[in-house]
Amino acid sequence: MLKRTKRQLLIILTLILILSFFHIIYKYSTINKIEYTFYIDDNVDRYFGTKSRYPQKSEISGANLNINSKFKLKQVQLVCRHGTRYPTGTKNYNEKIEYLKSFLYANSKSFPKKYEFLSLFENPYNESEYGLLDVQGIKDMQNLAKRALHRYSNITQTIEDLSNIHIYSTNVTRVVDSAAAFISTFKIHIDEIHKSNATETKKLITKHFNEFQIIEQNEEESLSIDRRSVEYNEKKINMLLEEDIDNYEDDSSFFQNDELLKYIEIYKDRSKDIILSPHISCPLFNEEINGDDRTEINNNIKELENKYIHSVINNIKKKLNLKEVPNVVGESIMSICIFEVALNNTRNKFCSLIDKISLENYGFYEDYRNYHIKGYYNEINQWLATPLFKEIINDIDKEILKDKIKLSVPKKNNYNTNIVLRFAHAETIFPLITLLGLYKDKKRITMKDAPPKDNYKFRSTDISPFAANFWFELYEIETKYIIGYEPKNDIIYVDNPFNNQNVTNILENLEEIMEEEEFDKTRKHSTTFVIRVLLNEKDVVIPGCKPIEIVDLATREKTKYNTICLLSNFKQLYKNILNTSIDEYKKKCHINY
Ligand SMILES: *[C@@H]1O[C@H](CO)[C@@H](O)[C@H](O)[C@H]1NC(C)=O
Ligand SMILES: *[C@@H]1O[C@H](CO)[C@@H](O)[C@H](O)[C@H]1NC(C)=O
Ligand SMILES: *[C@@H]1O[C@H](CO)[C@@H](O)[C@H](O)[C@H]1NC(C)=O
Ligand SMILES: *[C@@H]1O[C@H](CO)[C@@H](O)[C@H](O)[C@H]1NC(C)=O
Ligand SMILES: *[C@@H]1O[C@H](CO)[C@@H](O)[C@H](O)[C@H]1NC(C)=O
Ligand SMILES: *[C@@H]1O[C@H](CO)[C@@H](O)[C@H](O)[C@H]1NC(C)=O
Ligand SMILES: *[C@@H]1O[C@H](CO)[C@@H](O)[C@H](O)[C@H]1NC(C)=O
């Protein structure tokens, strides 16, 4: 009897223990849940589309080319979006922010203590600064330039002067400033290198560039090239780079000086800049966006905008104990959150008012809008980048042929294309994405893809954050290393890329080459060329390109490269685009000059 009670007691006790255990677990998990809604997601900016910060931790890791030494780097070409900018001030931006300020002030009595700081909110933007490059944008460019100096040291070491580099920019202040900040970083390095004794420095540079392989852009935005290295003039270089930042902070026209501008070829008239501002110079782009058949898409965009604004408003009502919040306040709070992150990396102020669902809604609004305006839905985008693409390929051809041509000195400089840098806009990056077929979904993005069902590839945050960049790397390799190498149609050359600005037509000189060298387009070469494309410093697989397989003749070891494409293969993929004439392009674009 007693035994039985004891046993029952034991069972009850166990039950109690189990129950309290579950209770604790439950309580703990609900605490977690509650905290979660206040938890500030460090990756909030993955929802911010074209207003995202450039990924801080770049995977490029400086000098790490991640390629077999049989590939010899010949050329790099950059297509870069400007760095982080201020809001553009469109759609009465300033009025909205001023309204937000008075709204927060008038309602501050109901705010919980945690949010009292909002009542002191001041418009952080000076109207005269809208659209300009932010100091963060200068840092974006300096850091990108420094990583390029390391990664491409085989080429950058050989540059004697900035005039050896081809640099292009659109006629927009923030873009010219981006170009200037980038090349100023190059210049500071080149000058320091050449100031010291040439042979001595060469040794140091080789050591410096080759030994320390990993360079990352750390959280503090450190400007030191390599924290582990205290080599020679790094301190001085960093000091000069900081000076650039300070000077720009004091005077936003700092980079608009002749010293740097003389190296930059600015496409002055944007209405004719088909290379870097196709969205401005091709009238069809805007005709498409505003066309009659666009009513449904434009209504959807409006609907998605309202959706994110309303979810932000719900967040604000709850967190600030408010009953009525006008749309304009919801919209402005999202915008301030986005720019606090972009400009200042601040995530615990306005962004702490906004929950994950609102962020997801905003992210989808960005993606849907970009997809339908700058992306695949707008079919003209697939060839809007045609002039730019032809110039890139033409510059590749020049590089390949430059040693084969006997030219006068000024003409020769035109063929000096080891490094080509182009600075432009998100509207330059997106068409190039669609031309190459990257981030392409099998099915069009529709309203049905809205979160939480968001399994699509076209992520504007990944594609075109601030300082988004394409690198086109050209390598030479001996054909004996390439498994299954086919000499047929090895190199095809591209005709004049629309004769814009001062671009040389490679084919104009082809006859000269043929005479000189008995040039044969299809002869079997002992070396050939391959191309690798990087988007935001990560190599991308080119759709339709056959991966290249390399064999080590000594060990018979094979290596396959999915992101390296034979140049001939690459050109074949886009042969229709490369074969488009200027007249065809103008006709398609509704250009009538
Ligand atoms: C860079 O130059 C070094 C030294 O000449 C060479 O060994 C290496 O293969 C080159 N790398 C590339 C990618 O061209
Ligand atoms: C805005 O910037 C301009 C030019 O830099 C300056 O003159 C003006 O005082 C600034 N306004 C405010 C409110 O800071
Ligand atoms: C540079 O260094 C080399 C070897 O250290 C020396 O022979 C040469 O005279 C130096 N040149 C100058 C200009 O200092
Ligand atoms: C270039 O842009 C500036 C500033 O926006 C403008 O004043 C100038 O007229 C532009 N140049 C041309 C040739 O359009
Ligand atoms: C910018 O960031 C710094 C450091 O994180 C912070 O102290 C400052 O308040 C921020 N400024 C704004 C306007 O958010
Ligand atoms: C481009 O061409 C114009 C006129 O054709 C000329 O004045 C200018 O110097 C050229 N620029 C370069 C960088 O060659
Ligand atoms: C390019 O177009 C021309 C005329 O439109 C045509 O004759 C030629 O065969 C085309 N070339 C290629 C490689 O498609």
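Counting starts at 1 for both ligands and their atoms, following the listed order. Sequence positions, counted from 1, serve as the residue numbers for this chain. Since this is a predicted model, take the numbers as computed values, not measurements.
- W471 and Y152 have tilted rings, their planes meeting at an angle from 30° to 60° on a 0 to 90° scale.
- Between N164 and N418, the side chains place no donor N or O within less than 3.5 Å of an acceptor N or O (distance only, hydrogens not considered).
- The N/O atoms of L73, backbone and side chain alike, include one that comes under 3.5 Å of an N/O atom in ligand 1.
- Using a 30° and 60° split on the angle between ring planes, H425 and H82 fall in the perpendicular class, above 60°.
- Between Y130 and Y125, the ring-plane angle classifies as tilted under the 30° and 60° cut-offs.
- Only the side chain of N154 comes within 4.0 Å of ligand 1, judged by heavy-atom distances.
- With respect to K558 and E549, no salt bridge is recorded, no charged nitrogen being found less than 4.0 Å from a carboxylate O.
- Which parts of ligand 1 touch F71 is read off a 4.0 Å heavy-atom cut-off, strictly below it: atoms 12 (C), 13 (C), 14 (O).
- Between F570 and Y574, the two ring planes are perpendicular [angle over 60°; tilted spans 30° to 60°].
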Pairwise, report which nitrogen or oxygen atoms of ligand 4 are under 3.5 angstrom from protein nitrogen or oxygen atoms, and how far apart they are.
from, atom 1, to, atom 2, distance (Å)
ligand 4, 2 (O), N171, OD1, 3.0
ligand 4, 2 (O), N171, ND2, 2.3
ligand 4, 11 (N), N171, ND2, 3.0
ligand 4, 14 (O), K268, O, 3.4

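- Set against the non-hydrogen atoms of K72, the atoms of ligand 1 under 4.0 Å away are 9 (O), 14 (O).
- E427 and K374 are joined by a salt bridge, as a carboxylate oxygen and a charged side-chain nitrogen come within less than 4.0 angstrom of each other.
- Using a 4.0 Å cut-off between charged nitrogen and carboxylate oxygen, K70 and D552 count as a salt-bridge pair.
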